[in-house]
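Comments concern the structure below.
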Amino acid sequence: MNSLAMSKDIENGYQLYYDEQHDEPCFLKCRSELFQHPFTLLDVNGYIIDVKRTFATSPIHVVLPVKLLALGITIDVMVRDIQNYPGTLSIYLAYFEQWALVFSLFYFLLSSLLSMIPLAPQPSPQENRAPFMVCLTWAVYPLALLFQTLYCFAYWSLVYDQQEGVESLIRPTLYLTMMKNFGILVTLIGEGQFVNRIPLRFSHLIIAEMGLAAYIIWTMLHDATNIGNPNRSNDSINLFLNWSKPNLLKESALESFIMMAFIAPAVWFVYYIISWPCRRYMPFEVDGEVVVDLPQGFIGVKLTGKPPRVTDIMENSPIRSEIGVGLVVDTLTLEDGEKCYQLDANELNNILNKTSKSNGRIMRFINHDILPLTKEPSGEDEVLVRLPAGLIGVVLTGKPPRVVRISENSSIGDQIREDLVVDTLILEDGRKYYQLDSTELIHMLKVSSHSHGRIIRFINNDVLSLTEEPSLGDEVIVPLPAGSIGLKLRGKPPRIVGISENSAIGDQIREDLVVDT
């Protein structure tokens with residue numbers, strides 16, 4: 001049966017946030033990241049940066065030697081550069097190339113430290129900020145990368161062929177020339193993008209531009225004072241920026257503007273393109289499925305691709321607390337019982353728009369890394385039914401409970417048929433029951449007969465298998481006694497971080513579980 005054929009044509013529905021290209025255009029990502037906090041862990045695509053795998057990835061016995069080698073090479077280059085420096089050492093750190101070298105050295109040092117010292121646990125989504133050492137490393141890397149790139153281009157295109165001036169100072173040996181003017185840059189790119197996988201956003205360009213602005217201001221202050229430069233006759237510390245001569249002010253200002261407004265963003269865009277597919281994200285921590293009753297109208301969820309993946313959840317989404325970024329939509333059940341399988345985001349968007357005034361829609365989200373998509377059954381082999389309050393008018397026997405008779409006045413008789421079996425029962429409070437027998441199921445239905453939010457999954461057991469109950473370690477439903485329960489809870493969702501010796505439920509749970517409902 002065509003899953004789209006029975007969709008009701010309801011106009012004036014809401015618009016689900018969706019991009020027909022299954023991803024944001026690059027310029028929109030750039031714009032979003034320009035105004036994004038540089039150290040937020042939540043990316044513009046809705047995924048969360050994995051701090052440990054990004055800045056201190058494993059295996060440590062392989063990664064740490066690589067980082068220490070990069071640090072050692074940088075130290076070696078700086079030592080050799082100082083030893084072969086024929087000018088006055090007091091002015092050594094005044095030059096652009098030395099700024100690039102110092103930023104690189106500082107980055108490789110921080111990166112190595114992050115792999116040697118224990119990192120704090122992954123911050124919660126509510127905190128959404130990297131630890132201080134990570135932020136510092138994340139800030140220095142753009143400075144080192146942009147300074148090294150600009151210097152590399154400037155050296156090989158403008159300085160190398162000169163036969164006088166600074167060229168004689170920075171080309172004493174082939175090794176030093178290659179490593180200082182090209183090797184360190186390659187090492188930065190390799191270590192930062194293919195070992196660490198550091199995300200480069202356009203908000204980081206602002207940090208790098210601030211470093212460029214600081215250097216330009218330094219050249220202005222140097223030329224405006226009597227510091228001088230014993231290594232050059234004109235006292236300038238930069239071949240291309242000279243603020244001491246009135247006839248060169250406009251030229252220096254124009255060169256500074258071109259570098260900051262055009263060259264630096266163009267270089268950064270290339271690194272941004274390299275960085276985007278290399279990012280390492282946190283997996284969404286769901287051990288299976290989430291079944292959600294959709295309200296009328298706006299649901300505030302951005303879905304992309306096939307299967308539709310949750311890439312963003314708006315603050316005012318009515319189902320924000322029930323789902324998470326990274327889940328995919330497995331099935332959509334409409335109010336009339338029609339069930340839609342294996343949709344893409346565009347098809348799902350159209351159906352949701354047409355049924356926006358409906359109260360009975362049910363959407364099943366799954367962790368696609370754990371569970372496969374449900375294949376579309378033939379002959380209504382699976383039916384997800386939202387039970388009304390009161391009796392349902394169905395006779396069930398055996399284990400699993402099998403439908404053996406449906407009364408004429410059954411409130412769900414038009415959605416099911418005899419010989420289907422009950423796979424799972426979800427109560428209004430979110431508790432989910434698996435592999436019940438008919439006695440247990442009937443008892444639960446009687447106890448919860450006043451509820452409007454119960455959901456039963458009926459299946460053809462000859463075609464589909466019963467859903468396995470999660471192990472006790474993954475899901476625990478605990479009746480709470482009166483009085484104190486002796487638990488220490490922290491964070492959102494509340495995570496068990498301590499269990500007292502006299503806890504009334506200590507033998508049923510363990511630390512690190514979170515409270516779901």
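- Side chain of D76 to main chain of G72: no donor-acceptor pair is present (N/O by atom type, distance under 3.5 Å, no hydrogens or angles).
- With a 4.5 Å cut-off on side-chain heavy atoms, Q148 and C152 do not count as touching.
- Listed by chain and number, the residues in a side chain to side chain donor-acceptor pair (under 3.5 Å) with Q36 are R201 (sequence neighbours excluded).
- N196 and T57 are not linked by any side-chain donor-acceptor pair at a separation below 3.5 angstrom, with hydrogens and angles left out of the test.
- In terms of heavy-atom proximity, V329 sits nearest to F365 at CG2-CE2, 3.6 Å.
- Judged by distance alone, the side chains of Y271 and T149 do bring a donor and an acceptor atom under 3.5 Å apart.
- Residues N242 and S252 bring no donor and acceptor atom of their side chains to less than 3.5 Å of each other.
- A distance-only check finds no donor-acceptor pair linking the side chain of Q193 to the backbone of C278 [under 3.5 Å].
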What do the steps show when you test Y141 against L110 for side chain to side chain contact (heavy atoms under 4.5 Å, CB included), and what is the final call? CA-CA 10 Å; Y141 183 65; L110 291 171; over 6 Å; no
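- The distance from atom CZ of R309 to atom NZ of K302, rounded to the nearest 0.5 Å, is 14.0 Å.
- Side-chain contact between I362 and L294: absent, with no pair of heavy atoms (C-beta onward) separated by less than 4.5 Å.
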Could you check F108 against T187 for side chain to side chain contact (heavy atoms under 4.5 Å, CB included), going step by step and ending with a plain yes or no? CA-CA 10 Å; F108 286 130; T187 307; 3.7 Å; yes
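- For W156 (side chain) and N181 (main-chain N/O), a donor-acceptor pair under 3.5 Å exists by modelled atom type.
- Proximity of a side-chain donor or acceptor of S111 to a complementary backbone N or O of Y107 within less than 3.5 Å is not detected.
- Residue pairs satisfying the salt bridge (Lys or Arg N to Asp or Glu O under 4.0 Å) criterion with at least one member in residues 265-281, sequence neighbours excluded, are listed as follows: E33-R279, D43-R279.
- When all heavy atoms are compared, the tightest approach of E347 to L343 is OE1-CA, 3.4 Å.
- When only modelled atom types and interatomic distance are considered, E97 and Y155 share no side-chain donor-acceptor pair under 3.5 Å.
- Checked by atom type, the side-chain pair R197/S275 shows no donor-acceptor distance below 3.5 Å.
- Remark: aromatic rings of W99 and Y151 are distant, center separation not under 6.0 Å.
- Here the closest non-hydrogen pair linking R129 and P123 is O-CG, 3.1 Å.
- Of the charged side-chain nitrogens involved, none lies within less than 4.0 Å of a carboxylate oxygen, so that R361 and D293 do not count as a salt-bridged pair.
- Side-chain contact between T219 and L221 is absent, with no heavy-atom pair separated by less than 4.5 Å.
- Side chain of N84 to backbone of R80: a donor-acceptor contact under 3.5 angstrom is found.
- Counting heavy-atom neighbours within 6.0 Å of M116 CE, excluding the residue itself, gives a total above 12.
- When side chains are defined from C-beta on, P199 counts as touching W138, because their heavy atoms get closer than 4.5 Å.
- Taking all atoms of both residues into account, the shortest heavy-atom contact from V51 to Q122 is N-OE1, 3.0 Å.
- The backbone N or O of L64 lies less than 3.5 Å from no partner atom in the side chain of H61, so there is not a single donor-acceptor pair.
- Aromatic ring orientation, F269 versus F202: tilted (interplanar angle from 30° to 60°).
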Could you walk me through whether R364 and T374 pass side-chain hydrogen bond (donor to acceptor under 3.5 Å, both in side chains), step by step? CA-CA 10 Å; R364 180 177 184 250; T374 301; 3.1 Å; yes
Apply side chain to side chain contact (heavy atoms under 4.5 Å, CB included) to residues L143 and L212 and explain how you reach the verdict. CA-CA 8 Å; L143 289 167; L212 291 178; over 6 Å; no
Taking it one step at a time, do F39 and L136 satisfy side chain to side chain contact (heavy atoms under 4.5 Å, CB included)? CA-CA 9 Å; F39 308 125; L136 185 59; over 6 Å; no
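- Remark: the backbone N or O of V301 is not paired with any side-chain donor or acceptor of S317 at under 3.5 angstrom.
- A heavy-atom distance below 4.5 Å is found between the side chains of L71 and L109.
- By the 30° and 60° cut-offs, the orientation of the rings of F103 relative to F147 is perpendicular.
- No hydrogens or angles considered: nothing links the side chains of S358 and Q296 as a donor-acceptor pair under 3.5 Å.
- Using modelled atom types, one side-chain atom of D344 and one backbone atom of N346 make a donor-acceptor pair closer than 3.5 Å.
- Between the CG atom in D50 and the NZ atom in K52 there is a gap of 9.0 Å [rounded to 0.5 Å].
- Atom CD of E191 and atom CG of L69 lie 10.5 Å apart (nearest 0.5 Å).
- Inter-residue side-chain proximity for Q98 and Y92 is flagged as met; some heavy-atom pair is nearer than 4.5 Å.
- From L113, atom CG reaches atom NZ of K67 across 9.5 Å, with rounding to the nearest 0.5 Å.
- Within the 4.5 Å cutoff, side-chain heavy atoms of I237 are placed close to those of W218.
- Ring centroids of H204 and W268 are separated by 6.0 Å or more, keeping the two rings apart.
- Residues F257 and I216 have side chains not in contact (no heavy-atom distance under 4.5 Å, counting atoms from C-beta outward).
- Atoms CG and CD, from L241 and E255 in turn, are 6.0 Å apart once rounded to the nearest 0.5 Å.
- When all heavy atoms are compared, the tightest approach of L373 to Q342 is CB-NE2, 4.3 Å.
- Minimum heavy-atom separation, L188 to S104: CD1-OG, 3.5 Å.
- Taken from SG in C340 to CG in L352, the straight-line distance is 9.0 Å, to the nearest 0.5 Å.
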